[in-house]
Amino acid sequence: MQVDTLIVHGRVIDPLNDVDKTLDVAIKDGKVFKVGENLNVAATETFDATGCLVTPGLIDAHVHCYEYATPISLNADKRCLSRGVTTVIDAGSSGASTFMGLRKYVMERSKTRVKCLLHIAMHGLASAGLSAGAGGGESDTLAILDEDSCVKCIQDNRDVIVGVKVRLSTDVCAMGKTEYEAYRRALNAAERCSVPLMTHHSMSTIPTQRALDPSAKLCCPGDLRPGDIYTHTYVGYPSTIVDAETRDVYSDVMDAKSRGVLFDVGHGAGGFNWTVAEIACKQNLYPDLLGTDLHVFSQDGPAYDLPSVMTKFLHIGMPLYDVVKSVTSAPALAYGITGETGSLTTGIAGDVTILKIDDCDFMLEDSVGQLRNIRRIIRHLAVWREGERIPVTFPKHLPSEESQQRSLKNLKDQEVKD
Ligand SMILES: [Zn+2]
């Protein structure tokens, strides 16, 4: 018996199987063949992972990779797979009328496993870049938010569409006029297909805490269902989850967490504020998912890549096991793809990532230009996708002074900051 790849002596963290132990991992014919102590098998390639972490291929719960079809999308193979990420979830770059391009030109041609959330707006993010970009947004016109088209597209592509996306921000919803209806339709579509809804909720007329607007018909995350996903959790913009006066996380947010609503980082270019994240984690609102919201405006900082976002949460004090869980088993469970990935179960795709934690000493920015002194960095050393070893790349500049300067422009708009 000969296997293709044998990874030896590493600390294997495989949360779906409740494993955190020094073990060997064998890959054969593109699949996980066996995980165990001192596997005595011949291998074409042996990788010595002494002093390293061996994890299931990382899953990024939130990226934008509909390259060239939307102004913000990047190339998943270049910016995700080479950074140790074997699976990405595109968060709403496409809608019902633009989805087939994502399927044919991105999903079917990428080495990275690409799944997606379908935007409730039929054109997805084809024209609207970021909420602060050119005037207007994808949900300005109610006719484009067609619930039936969204449902049909999901039902026809259940193998790759794993949820629904909506952005609740006044400036992408006709200055707030269509916001409630966009939310209502997105919730309905997700409910009808039994998939999660991910909400981007920032600078919104939909209240974070019901008491802030008792007449509001819907709240966010208050009206999300268990399994739905609240992204950009740690923004400091208006609609932040932290009460700017008391510096406490709103009780409706804590209630949502205990009901089973999932919280995603969604770092992006504007979605992560150190102050808010530190306050929230101190009050036990750690993220369930570490989505980077990686796109062309966050890939060279302030998000950089998934290992960099993992580094930030390790810095905040999130236990290493939970950091790994939030980029492996947790997103696999959230999006219903544990049959394909998210673990090192025998027979599953041979997607494996090697990580190493190194000492370091530099200042790292959030998306509003605030800095923290990072002393431990998580780096990706190697990655296999269906048994094939993929060369890794690293950010050109980490930290990037240019990104720190650029991010600083957002600081004046923060309700909560240092
Ligand atoms: Zn996003």
Side-chain angles (χ1 to χ4, degrees), residues 59-67 69-76 79-80 85 87-95 98-99 102 106 112 114-121 123-134 137-139 161-173 182-183 186 190 196-204 220-221 224 228-235 237 239 262-273 287-306 308-309 326-327 331 334-335 366-368 407 410:
I59 303 173
D60 193 330
H62 182 166
V63 305
H64 294 278
C65 64
Y66 195 177
E67 197 183 14
T70 77
I72 67 168
S73 284
L74 48 71
N75 184 292
R79 292 299 189 135
C80 304
V85 177
T87 301
V88 298
I89 314 299
D90 179 279
S93 300
S94 74
T98 61
F99 164 76
L102 181 68
V106 178
T112 318
V114 179
K115 304 281 181 182
C116 81
L117 305 174
L118 195 71
H119 205 300
I120 187 66
H123 55 179
L125 299 176
S127 60
L130 297 161
S131 52
E138 74 273 12
S139 298
I161 302 180
V162 295
V164 178
K165 176 80 187 283
V166 70
R167 294 203 299 166
L168 304 174
S169 276
T170 51
D171 60 354
V172 303
C173 295
Y183 187 22
L197 169 66
M198 175 188 275
T199 57
H200 152 136
H201 176 239
S202 169
M203 291 181 274
S204 171
C220 191
L224 291 179
D228 284 338
I229 301 160
Y230 187 91
T231 189
H232 308 308
T233 297
Y234 306 108
V235 294
Y237 289 106
S239 305
L262 302 173
F263 288 83
D264 175 44
V265 175
H267 189 306
F272 177 74
N273 174 317
D288 299 286
L289 309 171
L290 286 196
T292 55
D293 189 16
L294 211 63
H295 50 64
V296 296
F297 301 111
S298 65
Q299 65 182 4
D300 295 317
Y304 299 96
D305 54 20
L306 187 56
S308 302
V309 174
S326 65
V327 294
Y335 295 123
D366 58 11
S367 53
V368 303
S407 302
N410 299 327

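Read the numbers this way: they start at 1 and go in the same order the structure lists the ligands and their atoms. Hydrogens, waters and symmetry mates play no part in the numbers below; they use all other heavy atoms, side chains included.
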### Query
Are any of the side-chain nitrogens in D90 or K165 under 4.0 Å away from the carboxylate oxygens of its partner?
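Looking at K165 together with D90, the answer is no, because their closest N to O distance does not fall below 4.0 Å.
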### Nearest heavy atoms of H119 and V166, plus distance in Å
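It is CE1-CA, 4.3 Å.
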### Task
Answer yes or no for H295: is there an N/O/S atom below the 2.8 Å cut-off from the Zn ion (ligand 1)?
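It does not: H295 brings no N, O or S atom closer than 2.8 Å to the Zn ion (ligand 1).
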### Message
For a distance under 2.8 Å, tell me if H232 has an N/O/S atom near the Zn ion (ligand 1).
### Response
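H232 does not place any N, O or S atom closer than 2.8 Å to the Zn ion (ligand 1).
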#### Entry: Atom nearest to the Zn ion (ligand 1) - D293, N, O or S atoms considered
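Minimum-distance N/O/S atom of D293 relative to the Zn ion (ligand 1) is OD1.
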#### Entry: Sidechain-backbone polar pair: Y304 side chain, S298 backbone, donor-acceptor under 3.5 Å
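Between the backbone of S298 and the side chain of Y304 there is no qualifying donor-acceptor contact (under 3.5 Å).
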### Task
Answer yes if the ring centres of H62 and H232 are under 6.0 angstrom apart, and no otherwise.
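Centroid separation for H62 and H232: below 6.0 Å.
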### Query
What is the NE2(H64)-the Zn ion (ligand 1)-NE2(H62) angle, to the nearest 10 degrees?
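Once rounded, the angle between the two atoms at the Zn ion (ligand 1) is 110°.
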